[in-house]
Amino acid sequence: MTKTASAKSSKKEATYLQTLEFKEAQAMLFLIDSDKTDPSLEDILMYTNTKDISNAHKALFSELSRNETLLDLYENVDKPLIPIVEKMEEVGIKIDVPYFFSLSKKYHEDLAILEKDIWKYAGREFLITSPKQLGEVLYDELRLGEKIKKTAGGARSTNADMLDSLKAEHPIIEKVLEYREIQKLLSTYIDPLPKLIDFESRIHTHFLHTGAATGRFASRDPNLQNIPIKTEAGAAIRKGFVAKDGYVLLSCDYSQIELRCAAILSGDERLLETFKKGEDSHASVASRVFNVPLDEVSKDQRRIAKVLNFGILYGMGVNALKDTLGSDRKSAQEFYDTYKKTFPTLVSYLEEVKMQAKRNGYTETLFGRQRQLKMMRSPLPFIRAQGERMAVNAPIQGTNADIMRIALIDITQALEEKKLTKHAIPLLQIHDEFIFEVAKGYEEQAKDTIVSVMEAVLKKHKKEADLIPILVSSEIGSTWGDL
DNA sequence: CGCATACGCGCC
DNA sequence: AAACGGCGCGTTTGCG
C-alpha cells in the first residue's frame, strides 16, 4: 500500500500516492475535527489508535455515524467529492511555455535595471530581497521615516504598506516597490511554473479537500489558487494559462457570495433586501450607512462601505478599519458605529455566533460543518479575541465552502446527464469560482448548465435558506487572462 | 548541509 | 502594543 506516503507530506518529498481509503479517512477525521487539516497517516492512526488505515477507516466511520449531520455531509458531499477532485488534478491546466519564457526574459531585464537604480540611490550594493538589509539602508543610512512600525519580531518593518507611506520621502522607495513586485512574480510564478509541465504542457495542482479549517480547499505544489490578477504585470501571468486546441476556458464565479452567506445566516432584513433588489451591494450598504439615495452614493462612500462589508466578514475592529481606510480614528469609529446601527440583526447574529462558539467550543456552517474553536475559553484575552474573529468568519467562509463543494457535485452530475462530460471539464476551484475547459461549439450549453446548477444549490439542498438570489457570473476566453 | 523561522506577499 | 478571516510559498537568516 502507500507506506511510502511521507509523514506530513513534507514539502520536499510529498508523495501523492494516496489511496481512496486514506482520503476518505482524512475526510472523516476532518469532519470530526476541523483542526486536523491535511492529516498524515500517522495523525489518522494516532487519533483512531489503530495500526493500519483499514481499521482506522472503520473506526472513523463508526464515530462519524454517531452524528447524523456530519455523516450526511460525508456521504453526500465530502466523500463523492474525492474522485471528482482527483480528476481535476489529473486533467490539469495547460500553460503557454514560450509565453512564460518571454515574460521571464522581460522581467529579468526589468529587475536588473531596478537593481542598479536602487543601489545607486542607496550608495552601495546590498541584497534588496533581504528585509534586514533593506531596513538598514532605508532607516539607518538614508534616515527615512520617523515613526516606523515594528514587525512581530521587533524589526523595523519594510512591508508594502510601510513603503507606501514613505513614497514621498525618497525616489528609492518606488523602485523598491517595483523590484519587490517583479521579483515576487518571477520567483513564485513565472520561473517555477514552466518547470512543472507534463507532456501536454499541462500543470497539475493538488487540491487538499481537508486543507483549510473552515472547509475551504487548499491548493499546493503548485498553488493555483493564488495566481496574480491585481496588477498589470501580475495579470499578464494569467494570459499564460490557456485552453488546449479546439477548446476555450470558462469561468463561473459566485458574486458577493460571502456577503450573501452573511445575509442568509443572520437573516438581517436590510442586508437581505439589498440582495433581493439586486442592487450593487457595496453601494447599497453605502446608501444606508450614509443615508443618501442610492444614485447619489459617492465613490468614496462606496469604497468605505466595501471595507466595512469585508471587515464584518473578518471580525474587524475599529483599529483595523482605520488603517485600511487610512482615515483618522474618530471617523473610523463613526463609520463603525453607524454600520452596526444600520444592520442590528447582523450584529446580534455575530454576537450569537461568538456565544455559541464559547459555549460549544465550535461554530457551524449552514450545512452543519463544524469548526473547532477551543481557544474561545482561553484565559488570555488576546487569544479569546482571536478566537472571536475566527468564530465570526468561520460560518460565513465555511458556508461558502459548502456551497462550492455541493455545486461541484451537482455540476458533475448535470454534465453527465446532459452528455457533456467530454465537452466541459472542470479544471480549477478558486474559493468562489470554477474554471472549465470547454470544447468549442459547446460554450453556451455548458455555461447555461453550469450557471443554473450553481445558482440552484441553495434552493435544491437548503430550501429554508432560499431567501435571496445567488448569482453566478461567467466569462469565456482562450486564456485565463481573458476571463 | 538541511531545517526552522521571520518576513513578505500572491489569491479569495 | 496589538492589526481583520482563510491559505501556500519564496528568500533570508541563524541554528544544529
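Keep in mind that the numbers below use all heavy atoms, side chains included, and drop hydrogens, waters and symmetry copies. By convention in this document, chain letters (A, B, ...) are assigned in the order of the sequence lines, proteins followed by strands, and residues within each chain are numbered from 1.
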(request) Kindly say whether the aromatic ring centers of F335(A) and F290(A) come within a distance under 6.0 Å. (result) yes
(message) Tell me if the aromatic rings of F343(A) and Y339(A) count as close, with their centers under 6.0 Å from one another.
(response) yes
(request) For DNA chain C, produce a single dot-bracket line, 5' to 3'. Pairs: Watson-Crick or G-U wobble, both distances under 3.5 Å. Symbols: ( ) within strand, [ ] crossing, | other strand, . unpaired. (result) ....|||||||.||||
(message) For a quick check, with a 4.0 angstrom heavy-atom cut-off, what is the B/S/- contact string for nucleotides 7-12 of chain B, read 5' to 3'?
(response) SBBBSB
(request) Nearest-nucleotide wise, let me know which of K149(A) and F217(A) is further upstream toward the 5' end of DNA chain C. (result) K149(A)
(message) Reading DNA chain C from 5' onward, which residue's closest nucleotide shows up sooner: K150(A) or P192(A)?
(response) K150(A)
Using a heavy-atom cut-off of under 4.0 Å over every strand shown, decide if [X] touches base, sugar-phosphate, or nothing.
X: F382(A); result: sugar-phosphate
X: L127(A); result: sugar-phosphate
X: A394(A); result: nothing

(message) I'd like to know if K94(A) pairs up with E437(A) as an ion pair, taking the criterion as any Lys NZ or Arg NE/NH1/NH2 lying under 4.0 Å from an Asp or Glu carboxylate oxygen.
(response) no
(request) Run the salt-bridge test on R369(A) and D78(A) with the 4.0 Å N-O cut-off and return the result as yes or no. (result) yes
(message) According to ring-ring contact (aromatic ring centres under 6.0 Å, His included), who are the partners of F101(A), at least two apart in sequence or on a separate chain?
(response) none
(message) Once ring-ring contact (aromatic ring centres under 6.0 Å, His included) is applied, do any residues pair with Y99(A), and if so which ones, sequence neighbours excluded?
(response) none
Which value, in whole Å, describes the distance between the [atom1] atoms of nucleotides [N] and [M]?
N: dT5(B); M: dG5(C); atom1: C1'; result: 23 Å
N: dC4(C); M: dC12(B); atom1: C1'; result: 14 Å
N: dG10(B); M: dA2(C); atom1: C1'; result: 25 Å
N: dC11(B); M: dA3(C); atom1: P; result: 24 Å
N: dT12(C); M: dA4(B); atom1: C1'; result: 12 Å

(request) Kindly state each residue pair satisfying salt bridge (charged side-chain N to carboxylate O under 4.0 Å, His left out) with at least one member in residues 380-394 of chain A, sequence neighbours excluded. (result) none
(request) Hey, can you tell me if H170(A) and Y121(A) have their rings parallel, tilted or perpendicular (30° and 60° cut-offs)? (result) perpendicular
(message) Distance criterion of 3.5 Å, no angle test: do you see the side chain of S187(A) paired donor-to-acceptor with the base of dC9(C)?
(response) no
(message) By nearest atom, which of the nucleotides dC4(C), dG5(C), dT11(C) is closest to the M316(A) side chain?
(response) dC4(C)
(request) Identify which nucleotide among dG8(C), dG14(C), dC7(C) has an atom closest to any side-chain atom of K132(A), counting heavy atoms from C-beta outward. (result) dG14(C)
Atom pair distance, as rounded to whole Å: [atom1] in [X] and [atom2] in [N]:
X: L321(A); N: dG5(C); atom1: CG; atom2: P; answer: 14 Å
X: F335(A); N: dC4(C); atom1: CZ; atom2: P; answer: 18 Å
X: Q429(A); N: dG6(C); atom1: CD; atom2: P; answer: 17 Å

(request) For residues 372-412 of chain A, pull every pair meeting ring pair (Phe, Tyr, Trp, His ring centres under 6.0 Å), keeping only residues two or more places apart or in separate chains. (result) none
